[in-house]
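Beneath this line is the structure, given in structure tokens, with notes to follow.
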Amino acid sequence: MIALRLAAKGHLEGETLVARLVEQHRDDGASFLGRDYQLMSQVDGWAYYIRDDHVITLRAKAEDLNGDVIMLPPNGSSAHRLIRANSQHNSLLITEQCDQLCIMCSQPPKAKHSDMFAAFMLACILAPQDAVIGITGGEPMLFKDQLFALMTQVYAERPDLTFHVLTNGQHFAPEDIELLKSSALSSVLWAIPVYSSDPETHDRIVGKIGAFEKLVETFELLSHTPAQIEVRTVIMQSNQAHLAGLANFLTTYIPFASQWSIMQMERIGYGRMNWGDEFFDTSTSFSAVARALCIAHGRGLEARLFNFPLCTVPSAYQRYAVASISDWKCKFEDFCEGCSLRDQCGGLFEWYDIGSGFKEIGHHEEP
Ligand code: SF4
């Protein structure tokens with residue numbers, strides 16, 4: 001697993017430090033912010049970086065960190081890798097608070113919130129050219145005003161960046177329409193989960209009565225904006241029988257959605273707690289997904305499969321599967337050795353458990 005936190009020394013007294021790590025001096029726009037720390041040396045597994053007279057020390061190989069943006073809180077002994085320059089999977093955790101309690105949540109909500117918007121603003125401005133930055137939580141739209149301000153300010157400085165926001169879709173309001181139409185926000189991709197077209201089933205899955213009705217209002221509102229929408233659906237025992245119905249619903253009522261991501265569960269957080277009841281083994285029963293894909297494809301909605309190892313998907317449907325698992329939490333098992341599909345396969349979550357997962361996995365032809 002790729003470490004997102006590194007043992008660190010050199011925190012500033014009473015101040016959060018956001019810095020970009022460079023091996024050589026750079027003359028790009030970001031360097032003018034005065035946030036570049038240049039590599040001095042590597043000794044015994046520690047990389048030393050300096051700016052003026054201040055030195056920060058990180059337990060990592062410097063070649064893995066070139067161009068990364070890190071944050072060192074004033075107290076503590078670790079640095080957060082906010083942006084990894086060589087990764088396509090950078091995301092900023094806006095908050096761990098949430099107003100839903102989804103039964104498969106991989107990151108169960110916490111009551112405490114720390115406002116990191118100032119650090120995130122700097123991190124975005126220091127990000128590599130054309131980076132796509134994920135915004136996650138918790139529910140990031142609980143801090144909607146700050147989030148909109150962040151994306152608007154970043155756009156003014158770095159119009160090359162794109163945001164992909166994961167939100168439960170419960171917090172859009174009519175007064176947001178004008179801002180959503182602005183240049184700054186019109187390129188944002190909003191990833192919004194819908195688990196069933198049956199309101200009761202959706203509400204039970206997200207642990208909130210009225211959530212589905214609010215989603216319908218949200219989609220109606222977003223239809224008056226240029227907002228790009230990705231609908232997300234985790235397939236589980238609770239909703240697998242509803243998947244074809246959901247395909248009908250989405251293509252009828254949300255024809256402006258740009259993509260539909262059908263996702264396998266992640267065995268962590270509440271997903272792990274409810275795994276026995278909710279994991280739906282698509283390696284042995286794919287027909288619900290197949291029907292949903294056919295309906296979506298036939299009606300022009302681009303559907304994709306997330307977190308489906310290729311060998312668990314019938315070959316006719318493998319073209320829908322994308323390597324969706326973030327690099328830092330992705331693994332391959334011993335049975336992947338010699339697999340002819342490995343280069344296209346997204347692998348497995350780091351916390352995937354062979355004993356309780358897909359029954360039909362790892363059968364592949366030798367190359
Ligand atoms: S054997 Fe491993 S690499 Fe091959 S398709 Fe399955 S999970 Fe992917």
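Note that the structure is a prediction, hence the values are computed from the model and not measured. Atoms within a ligand are numbered from 1 in the order they appear, just like the ligands themselves.
By the salt bridge (charged side-chain N to carboxylate O under 4.0 Å, His left out) test, Glu350 is found to be paired with no residue, residues two or more places apart in sequence or in another chain being considered.
Although no hydrogens or angles enter the test, the distance criterion places no donor-acceptor pair under 3.5 Å between the side chain of Asn274 and the main chain of Gly276.
A cation-pi contact, defined as under 6.0 Å to the ring centre and within 45° of the axis, links Arg342 to Phe332.
A salt bridge does not link Lys214 with Asp203: every distance from a Lys NZ or Arg NE/NH1/NH2 to an Asp or Glu carboxylate oxygen is 4.0 Å or more. A salt bridge is defined here as a Lys NZ or Arg NE, NH1 or NH2 lying under 4.0 Å from an Asp or Glu carboxylate O, and Arg26 with Asp36 fails to meet this definition.
Between atom 2 (Fe) of ligand 1 and Cys336 there is an N/O/S contact shorter than 2.8 Å. Using a cut-off of 2.8 Å, one finds that Cys339 contributes an N/O/S atom close to atom 4 (Fe) of ligand 1.
Residue-level proximity to ligand 1 for Cys345 is carried by the side chain, the only part with a heavy atom below 4.0 angstrom.
Residue Arg342 has at least one heavy-atom neighbour below 4.0 Å for each of these atoms of ligand 1: 3 (S). Contact atoms of ligand 1 toward Pro309: 7 (S) (distance under 4.0 Å to a heavy atom of the residue). Interface atoms of ligand 1 facing Phe332, defined by a heavy-atom separation under 4.0 Å, are 3 (S).
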